[in-house]
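Sequential numbering from 1 along the given sequence is applied to the chain's residues. When a ligand or atom number is given, it counts from 1 through the structure's own listing order. Note that the coordinates shown come from a computational prediction; the quantities given were computed from them, not determined experimentally.
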Amino acid sequence: MAKAKTAYVCTECGDSSSKWQGQCGECGAWNTMSEFVIEPASAAKGGGASPAARQGTWAGRPEAAGVVALKNVSQDAEVRVSTTIGELDRVLGGGLVEGSVVLVGGDPGIGKSTLLLQALALMSARMPALYVTGEESLAQVAGRAQRLGLPLDNLHALAETCVEKILGQAASAKPSPKLLVADSIQTLWSELLTAAPGSVSQVRESAARLVRFAKETGTSVFLVGHVTKEGGIAGPRVLEHMVDAVLYFEGESGSRFRVLRAFKNRFGAVNELGVFAMGDKGLREVPNPSAIFLSGSSTPQPGSAVMVTREGTRPLMVEVQALVDKSPLANPRRVALGLEQNRLAMLLAVLHRHGGVGVYDQDVFVNVVGGIRVQETAADLPVLLAVLSSLRDKPLAEKTVAFGEVGLSGEIRPVPNGEERLKEAATHGFKRAIVPKANAPKKGAFKDMEVIAVERLSEALAAAAEG
Ligand code: TYD
Ligand code: MG
């Protein structure tokens, strides 16, 4: 047997080099290069080990080799199966694609294991399923499944962390699993490497093994991943490139609501949201989530603005809250929760320059209610309305909703799907909408809602002050 090839991989950034270095040439970290077996020589002969195969894009499909005209490629449409959890299906882009690898990341205790156990148990009625646990004992998994009242007849479990053994067990299992959950990827390790479990090289190799297994056997694989303090999946960035979809499970501590978000999806839209509530019977779907992200206060409060966001393919009503308070600091604080910090700083500058309202001596805190993260620019206008409302200590008019992007020259720019957002607001009984001019519907389109179309920030601020 030929000697296995080795490389040195930085445990910080995942960069690799053929020889050892004291400092990583890519990220500059010291003493982070650790030895890493690329592939044993025997595996290299066995097919499916080309660089592309290792990436998992078209591994195990012999017809993919060689140059072909794209129009001659037969398109076997991807086979999707429903997970029987509607919100999970939605985030996956309409069901789980056969042979796909989905990475589910989230904070400890957020409910990743619960979600996947529920999905697996429900799907195991239709296809053989295997739950591999590296963190909890089999008794713990079984106990939880029983407490949740899940169907267990066809669900198989394995407590194992060695990826070679896992794949061996999966290959020899009868019937062979069509669905596999590995909880979590950070606990897995490969015999080929000497590095400790949880290290970058182990995580990367274990994931690569599972990706290859998924592509070769058509088994759908869910990987559970822990997130770092910064919110990324612990381990190298390359993990996100290797898998077909990356979902993040998020939620505010203390809140029972959980949001599953597609961050990457080769088979569907990204930023799609699925909403769940954690209860004593596990996770329950929230098919109509708009209501839960409104604070529920019956009278309008200063510093609060309601917006319609459209993360993914459905509109969602969310409340943005701001607190503006005189700052004792030379550099007043700007804190954004659920929104981008830099964007807040930019918006405050536009508010000063084009709205004539300065908050340079004030601390500004902005929060999106319900622990949800809003990434689209439609939040710009509601953020500024909330800030102004808090600064003036004057609530916006009752049942007012707003959305729109704010440009650097003080213009209010349109956002996609304006009409759909307005419809959602009307459904929830909103009476006034402050929206970009280009998003305004035809006159009389909304009978019970006054739509105020604005082109400039100053117009929007004036409209908000009226109400
Ligand atoms: P878990 O799925 O173990 O989280 P993760 O795998 O992401 O670390 O979820 C654990 C949390 O969920 C724990 O704090 C208790 C809570 N929980 C419930 O509230 N109800 C339930 O029915 C279950 C199973 C868990
Ligand atoms: Mg867990």
Side-chain angles (χ1 to χ4, degrees), residues 83-88 91-92 101-124 129-152 155-161 163 166 179-189 197-198 202-203 206-207 210 221-235 239-240 243 245-263 273-286 289 292 370-373:
T83 61
T84 64
I85 301 180
E87 293 290 289
L88 180 57
V91 178
L92 289 170
V101 182
V102 180
L103 179 62
V104 180
D107 289 329
I110 200 81
K112 302 179 294 295
S113 304
T114 307
L115 176 71
L116 293 178
L117 187 63
Q118 283 182 238
L120 207 64
L122 293 172
M123 292 176 85
S124 69
L130 179 62
Y131 187 93
V132 179
T133 170
E135 297 195 338
E136 293 164 297
S137 69
L138 288 179
Q140 279 173 312
V141 175
R144 176 185 300 175
Q146 241 148 30
R147 205 165 50 70
L148 298 181
L150 297 170
L152 295 184
L155 183 57
H156 293 86
L158 172 69
E160 180 58 71
T161 53
V163 70
I166 292 170
L179 197 59
L180 188 142
V181 169
D183 187 0
S184 65
I185 187 69
Q186 276 85 15
T187 58
L188 301 190
W189 57 280
Q202 287 286 13
V203 167
S206 304
L210 287 164
V221 174
F222 282 104
L223 304 176
V224 175
H226 293 284
V227 296
T228 59
K229 275 205 275 323
E230 291 76 39
I233 300 215
L239 204 55
E240 292 177 359
V243 299
V246 180
L247 314 182
Y248 279 100
F249 209 27
E250 307 166 336
E252 236 172 29
S253 57
S255 154
R256 57 196 189 92
F257 294 110
R258 305 278 185 270
V259 176
L260 187 67
R261 176 198 293 277
F263 169 78
L273 297 185
V275 184
F276 297 88
M278 179 68 96
D280 52 358
K281 279 270 168 265
L283 288 159
R284 193 172 46 77
E285 293 176 61
V286 181
I292 64 173
I372 185 173
R373 218 182 292 163

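Protein residues with a heavy atom closer than 4.0 Å to ligand 1 are D107, P108, G109, I110, G111, K112, S113, T114, R144, R147, L148, M278, G279, D280, K281, G282, listed by chain and number.
Separating the CD atom in E250 from the CZ atom in F263 is a distance of 10.5 Å, to the nearest 0.5 Å. Expressed to the nearest 0.5 Å, how far CG of L122 lies from CG of L117 amounts to 9.5 Å. For the atom pair CG (L260) and CG (L247), the distance works out to 5.0 Å, reported to the nearest 0.5 Å.
By the criterion of a separation under 2.8 Å, the protein N/O/S atoms near the Mg ion (ligand 2) amount to S113 OG.
F249 places none of its side-chain heavy atoms less than 4.5 Å from the side chain of T114. Residues I185 and S206 have side chains in contact (heavy-atom distance under 4.5 Å, counting atoms from C-beta outward). Here the side chains of V286 and E87 are not in contact, with every heavy-atom distance at 4.5 Å or above.
Applying the side-chain hydrogen bond (donor to acceptor under 3.5 Å, both in side chains) rule to E135 yields the partners S184, H226; only residues at least two apart in sequence or on another chain are considered.
Of the candidates D183, L180, L158, Y131 forms a side-chain contact (heavy atoms from CB on, under 4.5 Å) with just one, namely D183.
Note on residues 142-151: pairs passing salt bridge (Lys or Arg N to Asp or Glu O under 4.0 Å), not counting sequence neighbours, are E136-R144.
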